[in-house]
Amino acid sequence: DTEAQGDQIVIFGGINTVGIGEQLEIYQTSTIQNRTFPIVGATVTVRDNFGSQTRMFGDAFGVYKFGSSRVTLIPGREYFIDIVLLNGKRYQSRPQVLPTARAIENVSREFKEEESVTEDGVLITNRVMEITGTTRVDNPNNEDFFFRWAVQETYVLRPTDFPDIFSSVPLPFYYTSFINPQRITLFDGEGIRLNELSSKVLGVREVDYSFLDRHYFTTLSHSITKEAYDFWNQVDVLTNASGSIFDLPPARIEGNFFNVNDPDEIVLGFFEVANTTLDRFFTVVSDSPFPVPESGCDFDPSDSFKVYPEFCLECIPEDGCSLNRPPFF
């Protein structure tokens with residue numbers, strides 16, 4: 001038996017050298033299971049050990065991002081984040097040195113069929129695109145290195161064009177998110193001196209309606225600190241446990257935040273500083289050897305408005321949707 005503990009601060013996010021996915025989320029836990037409340041109005045500043053500082057600005061969902069200017073990251077420098085809440089409480093992350101080692105990825109893709117078993121014991125076949133990568137290690141200072149990989153997708157969706165007297169056509173939606181969020185791909189290079197790492201699976205994406213149009217995949221190869229590696233390794237153990245009696249019980253994962261004025265307060269989360277490289281490619285519908293399912297967004301006069309999927313009707317920003325076309329699209 002455990003007792004639910006509310007009112008804990010959760011801070012999570014990071015910055016990197018390519019500027020993709022840079023943000024900080026600040027929440028407060030509640031005694032209601034799986035519920036958190038966003039913390040707004042905080043003063044969030046990224047600082048380095050040379051006195052430079054850059055502000056991040058929040059929205060109504062507790063997500064903080066850089067404004068017109070972002071921090072300039074230089075390998076070898078220390079960075080940390082400083083947070084002051086509206087109630088005056090102040091939190092900081094322990095400083096992290098931006099690694100000089102980099103992971104440079106050579107990415108390939110393959111369409112394939114995979115079999116899996118449902119919870120009801122039914123064998124099904126999934127049509128997927130598998131993304132793999134072979135890593136070249138750029139390590140000019142011959143230091144220990146720690147890598148983490150993530151794959152971001154961006155695709156366009158054309159919403160339902162309902163007839164109107166002005167014959168207007170709705171603007172397309174652009175969706176951006178990370179695929180396979182529970183797939184945590186790490187490499188511990190402590191004491192290892194290699195020029196290249198063997199091929200590994202970085203992500204798997206089901207072939208669905210999102211492949212009807214141009215669909216971009218961006219592989220982010222993060223060179224991180226040992227402290228960040230240890231954090232992600234704990235997350236991997238906790239989220240991907242097999243469920244046997246020998247698994248570690250759920251436990252609090254130690255992060256790198258602390259209350260400046262109250263070191264005894266437990267603060268959850270982690271702030272990551274990464275030397276990041278990227279590899280980007282796109283697919284079109286003709287690349288898939290399988291038939292691509294329709295989105296269900298095409299207008300049918302015999303259908304009620306209510307039968308269309310929600311994503312055909314409205315762009316919801318917090319779901320990763322935007323009306324702004326990405327510059328690379």
Side-chain angles (χ1 to χ4, degrees), residues 14 16-18 20-21 75 99-117 124-155 176-208 210-211 214-226 228-237 239-242 272 274-290 292 328:
N16 58 72
T17 51
V18 298
I20 295 178
T100 58
R102 298 188 306 159
I104 301 174
E105 211 66 31
N106 180 19
V107 176
S108 61
R109 65 181 185 267
E110 179 184 3
F111 289 89
K112 59 195 307 184
E113 292 185 332
E114 291 185 339
E115 292 185 341
S116 62
V117 180
I124 60 174
T125 300
N126 301 308
R127 292 171 171 176
V128 302
M129 186 188 72
E130 185 178 83
I131 302 170
T132 60
T134 301
T135 308
R136 179 169 65 85
V137 180
D138 179 19
N139 192 6
N141 293 343
N142 205 32
E143 63 187 14
D144 292 339
F145 58 90
F146 305 88
F147 294 154
R148 179 176 71 84
W149 291 270
V151 180
Q152 187 184 68
E153 66 174 347
T154 304
Y155 60 90
T176 298
S177 63
F178 285 94
I179 69 171
N180 310 143
Q182 282 195 266
R183 178 189 290 272
I184 300 174
T185 307
L186 302 168
F187 185 83
D188 179 355
E190 188 170 14
I192 297 175
R193 300 296 177 260
L194 292 174
N195 296 323
E196 186 173 285
L197 306 182
S198 58
S199 178
K200 62 202 147 304
V201 177
L202 303 178
V204 178
R205 180 63 160 84
E206 179 186 1
V207 176
D208 61 10
S210 63
F211 284 77
R214 186 171 289 200
H215 193 145
Y216 280 87
F217 292 89
T218 303
T219 298
L220 300 172
S221 304
H222 300 293
S223 177
I224 58 179
T225 63
K226 185 180 189 308
Y229 172 88
D230 290 340
F231 172 83
W232 282 107
N233 196 40
Q234 291 180 71
V235 171
D236 188 33
V237 170
T239 59
N240 295 306
S242 63
E272 179 183 82
N275 191 344
T276 302
T277 60
L278 67 83
D279 182 278
R280 178 179 288 135
F281 67 88
F282 68 85
T283 67
V284 293
V285 65
S286 59
D287 292 333
S288 173
F290 317 120
V292 177
F328 57 82

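This structure is a prediction, so every number in the text was calculated from the model and none was measured.
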Query raised in the report: Can you name the nearest heavy-atom pair linking Phe111 to Asp287, along with the distance?
Result: CE1-O, 3.5 Å

Requested in this report: Provide the full list of side chain to side chain donor-acceptor pair (under 3.5 Å) pairs with a residue in residues 133-142, sequence neighbours left out, each pair given once.
Outcome: Thr100-Asn141, Arg102-Asp138, Glu105-Thr135, Thr135-Lys200, Asn142-Arg193

Report summary line: Taken to the nearest 0.5 Å, the spacing of Thr17 OG1 from His222 NE2 works out to 9.0 Å

**Report entry** From Tyr229 atom OH to Asp236 atom CG, the distance as rounded to the nearest 0.5 Å
**Finding:** 9.0 Å

Query raised in the report: Is the backbone of Ala103 close enough, under 3.5 Å, to the side chain of Thr277 for a donor and an acceptor to pair up by distance?
Result: yes

Report task. Describe, in one word, how the ring planes of Tyr216 and Phe282 are oriented to each other, choosing from parallel (under 30°), tilted (30 to 60°) and perpendicular (over 60°). Result -> tilted

Query raised in the report: When rounded to the nearest 0.5 angstrom, what distance separates CG in Asp230 from CH2 in Trp232?
Result: 13.5 Å

Requested in this report: Return the minimal non-hydrogen interatomic distance between Ile179 and Gly203, and the atom names on each side.
Outcome: CD1-CA, 4.1 Å

Query raised in the report: How many angstroms lie between atom CD of Glu130 and atom CG of Leu202, to the nearest 0.5 angstrom?
Result: 9.5 Å

Report task. Using atom types as modelled and distance alone, determine if a side-chain donor or acceptor of Thr132 lies under 3.5 Å from a backbone N or O of Ser199. Result -> no

**Report entry** Any donor-acceptor pair under 3.5 Å from Glu143 side chain to Ala101 backbone
**Finding:** yes

Between side-chain atoms of residues 182-192 and protein atoms elsewhere (two or more places apart, or another chain), which donor-acceptor pairs fall under 3.5 Å?
| unit_1 | atom_1 | unit_2 | atom_2 | d |
| --- | --- | --- | --- | --- |
| Gln182 | NE2 | Thr239 | O | 3.1 |
| Asp188 | OD1 | Glu190 | N | 2.9 |

Report task. Please determine which of Arg205, Glu206, Arg127 meets the side-chain contact (heavy atoms from CB on, under 4.5 Å) test together with Phe211. Result -> Arg205

Report summary line: To the nearest 0.5 Å, atom CZ of Phe147 lies from atom OG1 of Thr276 at 10.5 Å

Report summary line: Value for CZ (Phe328) from CG (Leu278), rounded to nearest 0.5 Å, stands at 9.5 Å

Query raised in the report: Could you go step by step and tell me if Val151 and Trp149 meet the side chain to side chain contact (heavy atoms under 4.5 Å, CB included) rule?
Result: CA-CA 7 Å; Val151 180; Trp149 291 270; over 6 Å; no

